[in-house]
Amino acid sequence: MPELPEVETTRRALLPHILGQKITNINLYNPNLRWKVDGTVIKQAYQQTICDVQRRAKYLIFQASNGFLLSHLGMSGHWKLTDKSAERLKHDHLQIDFDDFCLRYNDSRRFGSFQWIEGQATNHTGFSHLGIEPIENPNFPYDFDIDFLKKALKNRKTPIKPTLMNQKIIVGVGNIYANEALFLAGINPKKLAHRISKAKLEKLVEAIICVLNQAVKAGGTTLKDFINPNNKTGYFQLSLNVYGREKEPCHKCQQSIQKIIQAQRATFYCPTCQK
DNA sequence: CGTATCTCCTGCAAGC
DNA sequence: TGCTTGCAGGAGATAC
């Protein structure tokens, strides 16, 4: 599910509800997520007041005065605003109570994770392995441009598509948006990253920024199960040009979209439009 | 350091 | 209908 636009959609949906709200209780129903969640998370966040909700890469940050809860949604995680009295669903693993409502984290595949970290997320050194933010982010630097990309790809001999998904270079781009950005830029996903011309890289920068901004505007992409905390689906799936469209006609040239596997992931592209 | 591969888990759809 | 198989949006660990 969640790439940058889905995490950002979640952040924006949560912010107005929980800003300034005090955590009155936390229930960890199932600690067996990607890494075992220990009770420390519960103890540290208890009675804290949320002073901001931020995003770095695909991580969601619940910032309180002396620490923050870091939440990664993995493949299938999502947060839901709901009544405390609402019946708990299968795969609801964590519940955060506020005065009049609660937040529940549901994650069928359990690839998500939680950490409680002392201090301010904006000063957190644990994010240092993460690459650049490709679109505007109110809390973290985002100066993504052609000079950055040219330098970053100079020594990368891997095909451009899996390279775009490398979170050490650019954050937030997962399988769907890597496919879509390459289509918009007219670049073949098999092209080796260091062999792409400057003109094409310029198009790629523009395409990544464009596709992510459009997807944020659309509230993310809902293929199967992405739902925002207010129970609304995204609608960027209506704008997909290649992802999931194997054998369907290209929106530009009508040739059929091809599916290949790269780094154990599905890649979709138009062999005519993407050279 | 860069690259390739494997892995965690459940749900669902396709194929037989 | 019911079974098996493969695949799904992420990314850390490991081996070379």
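Since this is a predicted model, take the numbers as computed values, not measurements. A note on names: the letters A, B, ... follow the listed sequences, proteins ahead of strands, and every chain is numbered from 1.
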Pairs: protein N or O with nucleotides 5-7 of chain C N or O, under 3.5 Å:
none

*asked:* Between C1' on B/dC9 and CG on A/N106, what's the gap in Å once rounded to a whole number?
replied: 13 Å
*Contacts of A/D52 that satisfy side-chain contact (heavy atoms from CB on, under 4.5 Å) - sequence neighbours left out*: A/L15, A/Q54, A/Q63, A/N139
*Quick one: list whatever passes side-chain contact (heavy atoms from CB on, under 4.5 Å) with A/I260, sequence neighbours left out.*
A/K190, A/Q262, A/T267, A/Y269
*asked:* Can you pull out the residues from residues 115-132 of chain A that lie within a 4.0 Å heavy-atom distance of DNA chain B?
replied: none
_Under a plain distance cut-off of 3.5 Å, with no hydrogens placed, do A/K80 and A/N230 share a side-chain donor-acceptor pair?_
no
*asked:* Filter on ring-ring contact (aromatic ring centres under 6.0 Å, His included), then keep only pairs touching residues 159-204 of chain A, sequence neighbours left out; what's left?
replied: A/Y177-A/F236
*What side chain to side chain donor-acceptor pair (under 3.5 Å) pairs are there with at least one residue in residues 246-257 of chain A, not counting sequence neighbours?*
A/N241-A/H251, A/R245-A/E248, A/R245-A/H251
Between protein and nucleic acid, restricted to nucleotides 13-15 of chain C and to nitrogen or oxygen atoms under 3.5 Å apart, what atom pairs and distances do you find?
none

*Pairs flagged by salt bridge (charged side-chain N to carboxylate O under 4.0 Å, His left out) wherever residues 113-134 of chain A is involved - sequence neighbours left out*: A/R55-A/E133, A/R56-A/E133
*Answer yes if the side chains of A/N213 and A/K217 hold a donor-acceptor pair under 3.5 Å, and no otherwise.*
no
*No-hydrogen, no-angle side-chain donor-acceptor test under 3.5 Å, A/Y29 and A/Q95*: yes
_Pair A/Y243 + A/F268: ring centers closer than 6.0 Å_ = yes
*Using a 4.5 Å cut-off on heavy atoms from C-beta on, say whether the side chain of A/L28 contacts that of A/H93.*
no
*Atom CG of A/N175 and atom P of C/dA8: how far apart are they, to the nearest Å?*
8 Å
Got a list of protein N/O to nucleotides 4-7 of chain B N/O distances below 3.5 Å?
none

_Cluster overlap A/L4 with A/L70, hydrophobic side-chain contacts below 4.5 Å_ = no
_Expressed as a whole number of angstroms, how long is the span from A/M165:CE to C/dG12:C1'?_
14 Å
*asked:* I want to know whether A/F226 and A/W79 have ring centres closer than 6.0 Å.
replied: no
*Only pairs at least two apart or in different chains count here, so list each salt bridge (charged side-chain N to carboxylate O under 4.0 Å, His left out) that has a residue in residues 97-111 of chain A.*
none
*Just checking A/N166: base, sugar-phosphate only, or nothing, at a heavy-atom cut-off of under 4.0 Å?*
nothing
*Roughly how many Å is it from CD in A/E180 to C1' in C/dG9, rounded to a whole number?*
13 Å
*Checking all strands, does A/K90 fall into the base, sugar-phosphate, or nothing category for heavy-atom contacts under 4.0 angstrom?*
sugar-phosphate
*Pick base, sugar-phosphate or nothing for A/Y243, based on heavy-atom distances below 4.0 Å to the nucleic acid.*
sugar-phosphate
_Measuring only the C1' atom in each nucleotide, how far is C/dG9 from B/dT3? A whole number of Å is fine._
23 Å
Using atom types as modelled, flag every donor-acceptor pair under 3.5 Å from a side chain in residues 196-205 of chain A to any protein atom, sequence neighbours excluded.
| unit_1 | atom_1 | unit_2 | atom_2 | d |
| --- | --- | --- | --- | --- |
| A/S197 | OG | A/K200 | N | 3.2 |
| A/K200 | NZ | A/G186 | O | 2.8 |

*Taking only side-chain nitrogens and oxygens of A/R156, does any of them come within less than 4.0 Å of OP1 or OP2 of B/dT3?*
yes
*Would you tell me if any nitrogen or oxygen in the side chain of A/H91 comes within less than 4.0 Å of OP1 or OP2 on B/dC9?*
no
*Can you run through DNA chain B from 5' to 3' and write each base as (, ), [, ], | or . depending on how it pairs? Watson-Crick or G-U wobble, both distances under 3.5 Å.*
.|||||||.|||||||
*Could you give me the CA-CA distance, side-chain angles and deciding distance for A/L60 and A/H72, then say whether side-chain contact (heavy atoms from CB on, under 4.5 Å) is met?*
CA-CA 6 Å; A/L60 205 55; A/H72 196 289; over 6 Å; no
*Indicate whether any N or O donor in one side chain lies under 3.5 Å from an N or O acceptor in the other, for A/N66 and A/Q44.*
no
*No-H, no-angle donor-acceptor pair, A/R110 side chain to B/dC9 base, under 3.5 Å*: no
*Check the distance between B/dC9's P and A/D107's CG and give it to me in whole angstrom.*
13 Å
